[in-house]
Number of protein chains: 2
Amino acid sequence: MLTEVIYVLTDRQLLILQVIVDDFIHSAQPVGSRSLSKKNEISLSSATIRNEMADLEEMGYIEKTHTSSGRIPSEKGYRYYVDHLVSPHALNQDDVGKIKSIFEEKIYELEKIVQRSAKILSEITNYTSIVLGPEINVNKLKKIQIVPLNQETAVAIIITDTGHVENRMFHLPPSININELEKIVNILNDRLVGVPLINLTDKIYKEVAVLLRQHIQNYDLIMNTFGDALKVSPNEKLFYGGKINMLSQPEFHDIEKVKTLLNMMEQDQWIYEFIRQNQSGIHVKIGRENNNIAMENCSLITATYSMGDEKLGTIAILGPTRMEYSRVISLLQLFSQDLTTVLTKLYQNK
Amino acid sequence: MLTEVIYVLTDRQLLILQVIVDDFIHSAQPVGSRSLSKKNEISLSSATIRNEMADLEEMGYIEKTHTSSGRIPSEKGYRYYVDHLVSPHALNQDDVGKIKSIFEEKIYELEKIVQRSAKILSEITNYTSIVLGPEINVNKLKKIQIVPLNQETAVAIIITDTGHVENRMFHLPPSININELEKIVNILNDRLVGVPLINLTDKIYKEVAVLLRQHIQNYDLIMNTFGDALKVSPNEKLFYGGKINMLSQPEFHDIEKVKTLLNMMEQDQWIYEFIRQNQSGIHVKIGRENNNIAMENCSLITATYSMGDEKLGTIAILGPTRMEYSRVISLLQLFSQDLTTVLTKLYQNK
DNA sequence: AATTAGCACTCAGGAGATGCGAGTGCTAAC
DNA sequence: GTTAGCACTCGCATCTCCTGAGTGCTAATT
């Protein structure tokens with residue numbers, strides 16, 4: 001992308017730009033000079049405003065939809081607005097209450113908290129929320145269990161220090177006997193507790209294999225099938241809230257746009273990679289900054305949440321470029337703070 | 001609902017009705033007499049066809065969209081078509097292959113099989129698939145485990161005979177000690193293995209409570225919090241596939257219709273109750289037969305799947321009333337049969 | 001020098017008018 | 001009983017016209 005020239009704007013231009021963005025965010029209609037001149041914040045004639053708007057347009061901060069239309073903010077305009085003009089939004093008591101309510105119910109499972117959060121955030125904002133669940137790969141093993149179901153199958157259960165439970169069924173070779181299985185489990189629990197899940201398989205084959213081979217008859221036979229069961233799914237889960245909220249936005253009255261957008265959301269992998277790479281803190285990506293045709297008309301605001309100072313996951317709000325930046329930013333700030341506090345309190349005291 | 005009069009149709013009328021429905025299903029355009037007269041199956045002049053169509057309309061099987069338009073099937077027409085005119089559809093090799101592919105991968109978890117099925121069925125049909133997961137309440141307890149995570153929390157794990165794993169975190173009262181917990185678990189496992197999950201809490205409080213009270217110090221204190229953990233979520237899970245396929249149907253080019261429909265799908269509860277009540281076999285509900293405004297323009301074809309002869313769950317395909325009934329019916333027939341066979345083989349041999 | 005009033009101009013979008021084509025129903029002939 | 005023929009209907013696309021909200025520019029005003 002070309003680096004765009006950043007002009008120095010006069011106070012008056014700043015004011016006008018801000019009012020245009022604010023107005024357009026709420027009305028979704030191009031803003032004209034006459035309607036601006038009527039606002040309290042601005043006491044200038046429409047002609048003067050027209051002159052200033054012409055300058056703002058030349059600098060690339062606003063644009064027209066056709067020759068004689070009012071102005072709408074350009075992506076560059078939104079960028080400037082987000083970087084310099086958003087005032088810390090005084091949050092509505094209602095919204096604050098709803099965010100607090102997420103944490104009031106006594107839920108202990110990380111994943112459920114996160115899922116609930118996605119739902120409520122989308123309800124408050126009327127946009128779509130995307131929550132990247134906690135990274136389970138870095139969680140540490142608390143216990144491994146194997147429960148045989150019948151002669152042929154058993155289920156392996158992996159419990160982490162955060163209380164996350166993974167389970168996988170696997171096939172039992174006919175020659176195996178239950179005692180052997182128990183021996184394996186004992187050895188594994190003995191040696192592997194505290195190991196991050198991501199290192200589990202590695203550690204088994206490199207360090208524990210020798211030991212297992214000594215004690216177990218059919219080592220290869222068992223590990224062939226059981227080993228797979230221990231490979232924890234590599235990806236964190238994505239949770240969506242309010243996918244259909246986008247349908248209520250006037251910019252998505254076109255069914256084709258809706259389709260490409262919803263389609264993109266089904267492509268978990270892309271979203272996953274995209275959201276995952278966020279550094280901690282709040283970030284705003286506007287329109288084409290997202291590098292995805294489906295999101296041309298969308299902005300994405302992301303925040304991270306942590307436990308102590310270990311980053312756990314990401315939460316994002318997806319709306320039209322014409323979204324209420326200041327409100328959403330404040331909401332996410334509050335939310336990620338609260339979530340971090342709760343999680344730290346819940347799980348940090350081992 | 002009023003019982004509608006069922007007229008006896010001449011062979012010629014049947015033929016015309018069938019061709020109209022078939023044609024409309026594929027073109028989504030009202031069918032006129034002239035285009036009908038050109039078809040090979042029908043060798044009549046357009047005028048004759050017009051006369052027959054007038055009769056069919058009078059009987060309520062077809063209708064006009066405006067005075068001089070071609071005809072489209074009415075709900076009654078679709079009903080008649082489904083009940084009497086659908087010919088067993090010769091399935092495409094491709095489709096059969098895709099259905100078989102669902103079961104080729106070695107997945108053992110019931111839920112994952114079902115989830116995968118929803119996805120693939122929606123891909124084959126281009127409609128929306130709704131799968132009601134296996135009823136876990138009737139599964140029988142295989143084992144209960146409790147794993148303490150730290151001083152304050154523990155996770156309870158319930159494993160069923162089908163390999164389904166439920167887990168719930170709960171709070172440990174500070175005065176409790178680990179040995180007591182283990183004692184409880186031992187007693188529960190001793191007494192409750194083989195009990196259907198739905199009867200679990202009941203059985204604990206009615207039969208096992210006495211025994212527990214004898215052996216456990218802080219019975220009330222523990223059971224207060226642990227008891228909740230054993231209450232298995234009452235509902236089976238709903239899985240959707242191809243929610244957005246509906247957007248490609250011409251009848252859903254209207255954003256409002258899409259919104260009400262997608263909204264309805266978010267109301268899990270309603271869909272759940274509605275689909276659940278199906279008897280085994282294949283059932284077709286057309287338009288307003290579904291008793292839901294959101295589904296006025298939709299038809300729902302449901303099939304059940306079982307293990308042995310115990311009905312496990314339901315799978316449904318949701319499409320516009322103008323959907324390919326015969327194809328979908330055949331697909332569902334094949335699919336539910338295959339799924340039943342696989343499940344029976346997988347889990348029946350205990 | 002900065003601001004404003006005034007004016008000619010542009011364009012989207014809604015309201016009518018028009019024509020075309022695909023359909024119908026009816027009547028009379030085959 | 002079937003069909004040809006004809007008058008009629010209506011949706012839909014196209015065109016034109018009109019209005020209103022906007023613009024840019026120039027000249028007058030502060």
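Just so we're clear, the structure is a prediction, and the values are computed from it rather than from any experiment. Each chain gets a letter, A, B and so on, in the order its sequence line appears, and its residues count up from 1.
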Contact list for DNA chain C against residues 37-46 of chain B - heavy-atom distance below 4.0 Å
none

Measure CD/B/E52 against P/D/dT2 and give the value in whole Å, please.
8 Å

So do A/L318 and A/M265 actually touch side chain to side chain, heavy atoms under 4.5 Å?
yes

With a 4.0 Å cutoff (strictly under), does any side-chain N or O of A/T67 reach OP1 or OP2 of C/dC11?
yes

When you look at CZ of A/R327, are more than 12 heavy atoms from neighbouring residues, nucleotides or ligands closer to it than 6.0 Å?
yes

Relative to the 5' end of DNA chain D, which residue comes earlier, B/T65 or B/R12, by the nucleotide with the nearest heavy atom?
B/R12

Tell me if a side-chain donor or acceptor on A/E289 pairs with a main-chain N or O of A/I286 at a distance below 3.5 Å.
yes

Under 30°, 30 to 60°, or over 60°: which ring-plane class applies to B/W270 and B/F274, parallel, tilted or perpendicular?
parallel

Strand contacts (DNA chain C) in residues 247-256 of chain B, 4.0 angstrom heavy-atom criterion:
none

Is the NZ atom of B/K119 crowded by more than 12 outside heavy atoms at less than 6.0 Å?
no

Whole angstrom value for the distance that separates C1' of D/dT23 from CD1 of A/I62
12 Å

Is the phosphate of C/dT24, meaning OP1 or OP2, less than 4.0 Å from a side-chain N or O of B/R71?
yes

Tell me, yes or no, whether the heavy-atom count around A/Q93 atom CD, taken from other residues, nucleotides or ligands under 6.0 Å, exceeds 12.
no

Rounded interatomic separation in angstrom, taking CZ from A/R34 and P from C/dA5
12 Å

Taking the inter-plane angle between the rings of B/Y78 and B/Y325 on a 0 to 90° scale, is it parallel (under 30°), tilted (30 to 60°) or perpendicular (over 60°)?
tilted

Presence of B/S35 side-chain N/O under 4.0 Å of C/dA22 phosphate oxygens OP1/OP2
no

B/R50 side chain: which of C/dG25, C/dT4, D/dG24 is closest?
C/dG25

Sub-4.5 Å side-chain heavy-atom contact between A/I130 and A/I315
no

Taking 4.0 Å as the cut-off, does a side-chain nitrogen or oxygen of A/S69 come that near to OP1 or OP2 on D/dG22?
no

Inter-axis angle, terminal five-pair segments of the helix from C/dA1-D/dT30 to C/dC30-D/dG1 [nearest 10°]
20°

Quick check: do B/F252 and B/C298 have side-chain heavy atoms less than 4.5 Å from each other?
yes

Please report the shortest heavy-atom distance between A/I20 and A/V31, naming the atom on each side.
O-CG2, 3.8 Å

Could you state the CD1-P distance from A/I72 to D/dG22, rounded to the nearest angstrom?
14 Å

Among C/dA22, C/dG25, C/dA5, the one nearest A/A47 by side-chain distance
C/dA5

Has A/N290 got a side-chain atom pairing as donor or acceptor with A/G287's backbone, closer than 3.5 angstrom?
yes

In A/R71, A/R50, A/E52, the residue satisfying side chain to side chain donor-acceptor pair (under 3.5 Å) with A/S33 is A/R50

Whole-Å distance between C/dT3 C1' and A/I16 CD1?
13 Å

Any A/T48 side-chain nitrogen or oxygen under 4.0 Å from OP1 or OP2 of C/dT4
yes

What's the CG-C1' distance between A/D55 and C/dA2, to the nearest Å?
13 Å

Roughly, in whole Å, what's the span from CG in A/N51 to C1' in D/dT23?
11 Å

To the nearest angstrom, the CZ-C1' distance between A/F24 and D/dA21 comes to 16 Å

Need to verify one output field. Residue with the more 5' nearest nucleotide on DNA chain D, B/H66 or A/M53?
B/H66

